[in-house]
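A note on names: the letters A, B, ... follow the listed sequences, proteins ahead of strands, and every chain is numbered from 1.
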2 protein chains.
Amino acid sequence: MAMPYDVFAANCPTRLVLDRLADKWALLVLERLRGETVRFNRLRRDVEGVSQKVLSQTLKRLERDGLVARTVIPTVPVTVEYALTPLGLNLADTVSAFAHWAERNIEAILAAQAAYDGRGGAGA
Amino acid sequence: MAMPYDVFAANCPTRLVLDRLADKWALLVLERLRGETVRFNRLRRDVEGVSQKVLSQTLKRLERDGLVARTVIPTVPVTVEYALTPLGLNLADTVSAFAHWAERNIEAILAAQAAYDGRGGAGA
DNA sequence: CCGAATCCTTTAAGATACTG
DNA sequence: CAGTATCTTAAAGGATTCGG
């Protein structure tokens, strides 16, 4: 069935993806992994503000979704590397467009917020 | 300063946008509003699963960010219409790419999940 | 019809400490 | 280095009720 899903229907499988991906940390991790393999603690440092717990959870979900590949290298203190899968890379490009939109339009949004707050919300 | 922001830095303004937009409901609302003005309760029905409270909050934030315009029409039972602003429409197009990615790749993700679960996680 | 206010439950985040 | 386990605290979300 090549019927397009109704994204607005609660039982739509696409919602599953959207639910999972509408996540600040997942997006940031995907973006960080673009074009580079990164170790766990490096990721932890680079993506400022993630706790190791949340990062761990995020990576596990991304791995489960087939977006990120986890490689254990049996060095003395063990090394674990994370990289995008082809599927993940594909998504990361989309995410990147999103991130760059935010970057380009932050000024406009900040201005809108100031205007909104200035007049006390929607007219209070 | 046209210096590109570091999206990974915690104090980066782009993170503000990302934090706010990495939201299931905001994304769904934006998508629903593409090309059409919609009333509150219509929106509530169409975006299955939103509570009225959450929808209300979401719309208020989107309005504050200058992405959605709210119009009150003084009919007998008052009518309130929501529409995308030019800025919001611009974003909605980006969001749409995101949603369509999910739609196109849901099969692959579901398969990856099944494989992952089948072998008991990352090798447990 | 639109939405604010309240309450109350559930989920998730943060900090900390400990293991392979 | 790379995680898991636990505990505490904060917040998101859902249901319900009432007012413009």
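- Atom CG in A/Leu43 sits about 10 Å away from atom P in D/dA2, given to the nearest Å.
- The shortest side-chain heavy-atom distance between A/Ser56 and A/Lys53 does not fall under the 4.5 Å cut-off.
- Among all heavy-atom pairs drawn from A/Phe40 and A/Gln52, the shortest one is CZ-O, 3.8 Å.
- Residue A/Leu55 contributes atom CG, which lies 13 Å from atom C1' of D/dC1 at whole-angstrom precision.
- Nearest heavy-atom pair, B/Leu21 versus B/Leu67, reported as atom, atom and distance to 0.1 Å: CD1-CD1, 4.3 Å.
- Atom CZ in A/Arg39 sits about 7 Å away from atom P in D/dC1, given to the nearest Å.
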Atom pairs under 3.5 Å: protein N/O with N/O of nucleotides 16-20 of chain D:
none

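- At D/dT4, one or more side-chain N or O atoms of A/Ser56 fall inside 4.0 Å of OP1 or OP2 (strictly under the cut-off).
- Contacts between chain A and DNA chain C, taken as any atom within less than 4.0 angstrom of a protein heavy atom, begin and end at C/dA13 to C/dG20.
- With salt bridges taken as basic N to acidic carboxylate O contacts below 4.0 Å, one links A/Asp46 and A/Arg42.
- Atom-to-atom, OH of A/Tyr82 to P of D/dC1 comes out at 14 Å; the value is rounded to the nearest Å.
- With a 4.5 Å cut-off on side-chain heavy atoms, A/Trp101 and B/Val95 do not count as touching.
- Under 4.0 Å is where a charged nitrogen must lie from a carboxylate oxygen, and between B/Asp23 and A/Lys24 no such pair does.
- Looking at A/Leu28 and B/Arg15, their side chains come closer than 4.5 Å, going by heavy atoms from C-beta outward.
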Working note: B/Thr79 + B/Arg39, criterion side-chain hydrogen bond (donor to acceptor under 3.5 Å, both in side chains); need CA distance, chi angles, decisive distance, verdict. CA-CA 7 Å; B/Thr79 302; B/Arg39 283 177 307 103; over 6 Å; no
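- Between B/Asn90 and A/Asn105 the shortest heavy-atom distance is OD1-OD1, 4.4 Å.
- Contacts between residues 22-35 of chain A and DNA chain C, defined by a heavy-atom separation under 4.0 Å, are absent.
- Taking CZ of B/Phe98 as the reference point, atom CG of B/Asp93 lies at 15.0 Å (rounded to 0.5 Å).
- Each of B/Lys60 and A/Ser51 has a nearest nucleotide on DNA chain C; the 5'-most of these lies closest to B/Lys60.
- Between the CD atom of A/Gln57 and the C1' atom of D/dG3 there is a distance of 12 Å, given to the nearest Å.
- Between A/Arg61 atom CZ and D/dG3 atom P the separation is 15 Å, expressed in whole Å.
- Here the P atom of nucleotide D/dA12 and the CZ atom of B/Arg20 are 11 Å apart, to the nearest Å.
- Here the shortest heavy-atom pairing between A/Glu81 and A/Thr37 reads OE1-CG2, 3.2 Å.
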